[in-house]
> 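Let me give you the structure first, and then I'll get to my questions.
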Protein chains: 2
Amino acid sequence: MHQPEHLKSAGLKSTLPRLKVLDLFENGKERHLSAEDVYKQLLGSGEDVGLATVYRVLTQFEQAGLLVRRHFEGGKSVFELNKGDHHDHIVCLQCGHVEEFHDKAIEARQEKVATGLGFAIRDHSLQIYADCTKKKCPHKR
Amino acid sequence: MHQPEHLKSAGLKSTLPRLKVLDLFENGKERHLSAEDVYKQLLGSGEDVGLATVYRVLTQFEQAGLLVRRHFEGGKSVFELNKGDHHDHIVCLQCGHVEEFHDKAIEARQEKVATGLGFAIRDHSLQIYADCTKKKCPHKR
DNA sequence: CTTGTTGCAAATATTTTGCACCCAT
DNA sequence: ATGGGTGCAAAATATTTGCAACAAG
């Protein structure tokens with residue numbers, strides 16, 4: 001599996017559920033997963049974890065800076081690996097796939113607008129909800 | 001109170017709970033309210049409504065285009081009057097006040113980015129979380 | 001009248017927490 | 001061994017729904 005250094009440095013013991021969750025994000029197919037997604041995938045792999053543990057681990061990883069929590073529509077929190085870079089998201093309304101993008105011009109304008117209104121940006125979140133224009137949505141679930 | 005034309009044209013009967021909720025958004029102090037906020041304010045005004053009715057009314061108003069539903073952080077939905085214009089939000093981290101803004105350049109870039117990735121935008125949501133730079137935050141709660 | 005609307009309670013959905021047992025160090 | 005970690009069940013939070021009583025047109 002993987003080295004538990006990340007966990008160590010975060011003051012977290014290297015346990016099976018934690019290693020498995022980390023592995024899912026590092027080597028899984030989807031980069032953006034909800035607690036339910038993680039839980040189901042672990043059960044599917046024959047792991048015997050509780051949903052509560054998944055929630056606890058995800059929250060701990062978020063606080064440790066290993067994961068980032070996103071608030072898309074739909075009431076569920078979605079997590080992804082914290083790669084250190086900032087990016088925004090475009091969510092396909094047809095299949096739910098999440099694509100990432102970064103646009104310097106948008107960031108610059110945000111800075112300008114905020115400054116103009118007398119604010120100092122600390123963080124921001126931008127999601128675009130869209131339909132895929134290709135004949136077949138390439139990201140069917 | 002108010003004319004029920006909005007309701008009529010939306011195919012909704014003009015009832016007391018609906019008129020009261022609409023009034024809150026049109027004449028209330030805060031433009032952005034959660035279901036819980038609306039419910040508490042109505043109870044405070046001596047109205048006898050159920051929380052379920054508030055949720056139903058808010059949802060109906062959203063579908064009728066009278067209100068817009070926002071998904072800020074915190075797990076709760078927040079509603080505001082639909083003034084027809086599109087705008088994004090800047091949330092003051094110090095007092096929680098919500099300021100609105102609209103920037104053509106940002107919108108244009110979003111369109112460009114989405115098109116470039118093969119998507120047709122249906123909706124988007126942009127929130128900036130920031131600190132007020134004025135000596136005293138002018139929006140203390 | 002007739003159909004839409006409401007309040008209440010119960011049901012969902014998501015996430016958190018209490019607790020006794022288990023395991024990494 | 002021992003303190004953190006886990007699973008399970010129950011609680012907490014946000015929202016939806018079934019249903020009988022009720023009210024607008």
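Worth saying up front: this structure is predicted, and the values here are computed from it rather than measured. Order of the sequence lines fixes the chain letters, A, B, ..., with proteins taken first and strands second; residue numbering starts at 1 for each chain.
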> What does the list of N/O pairs under 3.5 Å between the protein and nucleotides 3-5 of chain D look like, with a distance for each?
{"residue": "D/dG3", "atom": "N2", "partner": "A/K13", "partner atom": "NZ", "Å": "3.3"}
{"residue": "D/dG5", "atom": "OP1", "partner": "A/K13", "partner atom": "N", "Å": "3.4"}
{"residue": "D/dG5", "atom": "OP1", "partner": "A/R18", "partner atom": "NH1", "Å": "2.7"}
{"residue": "D/dG5", "atom": "OP1", "partner": "A/R18", "partner atom": "NH2", "Å": "3.0"}

> Given atom CG of A/L7 and atom P of C/dC23, what is their separation to the nearest angstrom?
19 Å
> Within the modelled atom types, does a donor on one side and an acceptor on the other bring the side chain of B/R56 and the base of C/dG4 under 3.5 Å apart?
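Side chain to base: no pair below 3.5 Å.
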> Let me know the distance between NZ of A/K76 and P of C/dT15, rounded to the nearest Å.
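After rounding, the gap between these two atoms is 7 Å.
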> Would the number of heavy atoms belonging to other residues, nucleotides or ligands and lying under 6.0 Å from CZ of B/R122 be above 12?
no
> State whether a side-chain donor-acceptor pair under 3.5 Å links A/H124 with B/Q127.
no
> Look up atom CD1 in A/I128 and atom NE2 in A/H89, then write down how far apart they are to the nearest 0.5 Å.
11.5 Å
> Under 4.0 Å between a Lys/Arg side-chain N and an Asp/Glu carboxylate O for B/E80 and B/R70?
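A salt bridge links B/E80 with B/R70.
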> Mind calculating the distance between CG (B/D48) and C1' (C/dT5) to the nearest angstrom?
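Going from CG in B/D48 over to C1' in C/dT5 covers 14 Å.
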> Select one nucleotide: of D/dT15, D/dG25, D/dG7, the one nearest the side-chain heavy atoms of B/Y55.
D/dT15
> Could I get the full list of ring-ring contact (aromatic ring centres under 6.0 Å, His included) partners for B/H71, not counting sequence neighbours?
none
> Rounded to the nearest 0.5 Å, how far apart are CD1 of B/I90 and CG of B/L126?
9.0 Å
> Among residues 32-42 of chain A, which residues get a heavy atom nearer than 4.0 Å to DNA chain C?
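Under 4.0 Å from DNA chain C: no residue of residues 32-42 of chain A.
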> Have a look at B/Y39 and tell me which of B/D37, B/L42, B/L43 forms a side chain to side chain contact (heavy atoms under 4.5 Å, CB included) with it.
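With B/Y39 as partner, B/D37, B/L42, B/L43 yield a single side chain to side chain contact (heavy atoms under 4.5 Å, CB included), made by B/L43.
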> If I take atom CG in residue B/L16 and atom P in nucleotide D/dG25, what distance separates them, rounded to the nearest angstrom?
12 Å
> Using a cut-off of less than 4.0 Å, is there contact between a side-chain N or O of A/S77 and OP1 or OP2 of C/dT14?
no
> When the distance from NZ of B/K8 to P of C/dT5 is rounded to whole Å, what number comes out?
13 Å
> Do B/K83 and B/E100 meet the salt-bridge criterion of a basic N to acidic O distance under 4.0 Å?
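Judged by the 4.0 Å cut-off on N to carboxylate O distance, B/E100 and B/K83 do form a salt bridge.
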> Can you confirm whether or not the ring centre of A/H32 sits under 6.0 Å from the ring centre of A/H97?
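Between A/H97 and A/H32, which both carry aromatic rings, the centre distance is not below 6.0 Å.
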> Nearest-Å distance, CG (B/L58) to P (C/dT6)?
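To the nearest whole Å, that distance equals 12 Å.
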> Separation of B/L51 atom CG from D/dT15 atom C1', in whole Å?
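Value for this atom pair: 8 Å.
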